[in-house]
Amino acid sequence: MAIVVSHIADDFDTLERRALKRTALCDLVEIRLDRIGHPGKERLARFFQTIDKPVIVSANTADAYGSFTGSADELIELYHDAAEAGARFVDIDYRLSLDLGEVEAPCHRIVSRHEPDTPEDLDAVLEEMQEVLYEGDVTKLVAHAHSCEDGLRLLKWLRTTKGIVSFCAGEEGTFTRVLAPIFGSPFTYCAPAAQDGEDAGERTAPGQLRVNELVGLLPPGGISQETAIFGVVGNPARHSWSPWVHGMALKAARLDAVYVAFEPASFPRFLELADDENYRGFSITAPFKEQAFALAVERDEGATRTGAANTLLRDEFGWLAANTDVSAVRETLEQALKLHEQRLGRPLASAAASALILGAGGAARAAAWAVMSVGGRATVAARDPDKAS
């Protein structure tokens, strides 16, 4: 997997300064010339000679999250000059591929296509692109995700291709930028990292992670097609700190695994799409705990007692459900009772312990069972009397 950090600015001096300072965490540097246009062949050559990473030159139009308003002829002149000046890649929209033609070696072409949605028939989209490809081209297909399910569909499709750079744009598709290399994408794109208190520049597309955020999620040896996938599944879930907390725990254990946030609209559809063997387990949060319990093929005691699961693990037979909320609440209660006994200076009957539980979802069920399992009394307060009952 190669990490591409994409830079954009209003003038070439700023673009050059930012790109030169932020090469440590990336494999390739992309300079977006959307707002600048052609800075001059000699200026490009000096930049390529100075920077210590291969450079991709691009100038995207509005339908590819860019702002380039020049003519096709101006863009083609820019790309040929960039290739001759020492760029490693130029990124050309597939509709202008044949107009651009071949570029000066050793530069290669990235022939790209940006879709405003995630097409149902991605094979047909790729087949149309192949009609304008030359030997040695890199094919790049970016689809905009309007849901988590869109991102999962693209990853499922990506597994069937060979060497296609592909992921989803949009906040709903952010997780695909982390996972796409597992499914075969040779590149993933990031925004530059902030450092030294200096403005790193904006993200060049919606849903981009900053490169330091991405690296924080990756396993110590980097990502591969064998990397295990874990995640938190809920709606909402993208605000969760779980990926950073569990990601660092996985790193500390030196496991080849990543942990990301999934925010599906439909939990059954999510499990249907997450059928690749790399998906190993999920932390389940609201509102899917009861559905996770219902869809599992096997359940532990905590899940069975509560009718809710906060953990799913995959084995050869399907998803196994567990409820670790029960043991967590029970352990907390037991420690609290011990502390209370120490203050009283005498044993405390478990029956004297009372707990007020606010809410009537999956976590509340786990808390109620944990209280009763240590002999305590539970009072449930909720807005819905039927759920509370």
Side-chain angles (χ1 to χ4, degrees), residues 1 118 145-159 167-168 170-185 188 190 207-209 213-220 222-253 255-293 295-296 303 308-315 318-325 362-363:
M1 176 194 77
T118 304
H146 297 284
S147 67
C148 170
E149 288 85 340
D150 283 345
L152 291 169
R153 281 198 300 109
L154 182 133
L155 294 177
K156 190 178 178 72
W157 167 79
L158 184 58
R159 179 68 90 191
F167 49 83
C168 283
E171 298 301 325
E172 291 82 358
T174 295
F175 70 91
T176 67
R177 295 177 179 271
V178 182
L179 303 185
I182 298 175
F183 292 85
S185 178
T188 191
C190 299
Q208 271 186 353
L209 293 164
E213 296 173 330
L214 174 69
V215 172
L217 294 171
L218 301 184
I223 213 164
S224 74
Q225 294 189 29
E226 304 301 320
T227 299
I229 301 168
F230 298 94
V232 57
V233 186
N235 197 332
R238 295 200 304 273
H239 67 287
S240 173
W241 280 90
S242 293
W244 317 114
V245 173
H246 291 294
M248 292 308 295
L250 292 169
K251 278 180 179 289
L255 295 175
D256 183 15
V258 293
Y259 189 105
V260 296
F262 298 102
E263 196 173 286
S266 165
F267 190 74
R269 179 61 172 156
F270 170 81
L271 284 188
E272 179 185 342
L273 290 168
D275 62 345
D276 193 277
E277 63 181 11
N278 288 73
Y279 295 107
R280 305 289 176 79
F282 302 117
S283 305
I284 310 300
T285 188
F288 301 130
K289 291 185 177 183
E290 293 174 44
Q291 292 182 60
F293 170 82
L295 293 170
N310 74 341
T311 305
L312 288 181
L313 292 172
R314 182 199 291 279
D315 76 359
W319 292 105
L320 311 180
N323 195 317
T324 62
D325 287 336

Between [X] and [Y], is any pair of side-chain heavy atoms under 4.5 Å apart?
X	Y	answer
D275	K156	yes
L209	L217	yes
L158	S185	yes
L214	R177	no
T118	H146	no
F230	S283	no
V232	T285	yes
I223	V258	yes

**Asked** Does the pair M1 and S224 meet the rule for a side-chain contact (heavy atoms from CB on, under 4.5 Å), with working shown?
**Response** CA-CA 7 Å; M1 176 194 77; S224 74; over 6 Å; no

Looking at [X] and [Y], would you say the former's side chain and the latter's main chain have a donor-acceptor pair under 3.5 Å?
X	Y	result
N310	T324	yes
E149	A265	yes
D325	A363	no

**Request:** Check the pair F167, V178 against side-chain contact (heavy atoms from CB on, under 4.5 Å), reporting the backbone distance first and the verdict last.
**Result:** CA-CA 9 Å; F167 49 83; V178 182; over 6 Å; no

**Message:** Given Y279, which partner from the list L152, L273, L271 fulfils the side-chain contact (heavy atoms from CB on, under 4.5 Å) test?
**Reply:**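 The side-chain contact (heavy atoms from CB on, under 4.5 Å) with Y279 is passed solely by L152 among L152, L273, L271.
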
**Item:** Sole candidate of D315, L312, T311 that passes side-chain contact (heavy atoms from CB on, under 4.5 Å) when paired with L320
**Value:**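 Per the side-chain contact (heavy atoms from CB on, under 4.5 Å) rule, the option paired with L320 is D315, out of D315, L312, T311.
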
Rounded to the nearest 0.5 Å, how far does [atom2] of [Y] lie from [atom1] of [X]?
X	Y	atom1	atom2	value
L218	E213	CG	CD	12.0 Å
L250	D256	CG	CG	10.0 Å
H246	S240	NE2	OG	7.5 Å
C148	E172	SG	CD	9.5 Å
T227	I182	OG1	CD1	5.0 Å
F183	W157	CZ	CH2	13.0 Å

**Message:** Determine whether the aromatic ring centres of residues W319 and F282 are separated by less than 6.0 angstrom.
**Reply:**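 So the answer is yes for these two rings.
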
**Request:** Verify the ring-centre separation between F175 and F262: is it less than 6.0 angstrom?
**Result:**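 Yes, ring centres under 6.0 Å apart.
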
Please name the pair of heavy atoms, one in [X] and one in [Y], separated by the smallest distance, quoted to 0.1 Å.
X	Y	answer
A145	G151	CB-N, 4.3 Å
Q291	P268	OE1-CD, 3.2 Å
A303	A321	CB-O, 4.1 Å
V215	K251	O-NZ, 3.1 Å
G207	T174	O-OG1, 3.0 Å
A261	P243	N-CG, 3.9 Å

**Item:** SB check D276 R159 (cutoff 4.0 Å)
**Value:**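 Looking at R159 together with D276, the answer is yes, because their closest N to O distance falls below 4.0 Å.
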
**Request:** Give the intermediate values and the outcome of side-chain contact (heavy atoms from CB on, under 4.5 Å) for residues I229 and R280.
**Result:** CA-CA 6 Å; I229 301 168; R280 305 289 176 79; over 6 Å; no

**Request:** Would you please name every residue forming a side-chain contact (heavy atoms from CB on, under 4.5 Å) with N235, sequence neighbours left out?
**Result:**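 Checked N235 against side-chain contact (heavy atoms from CB on, under 4.5 Å); matches are E263, P287, F288.
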
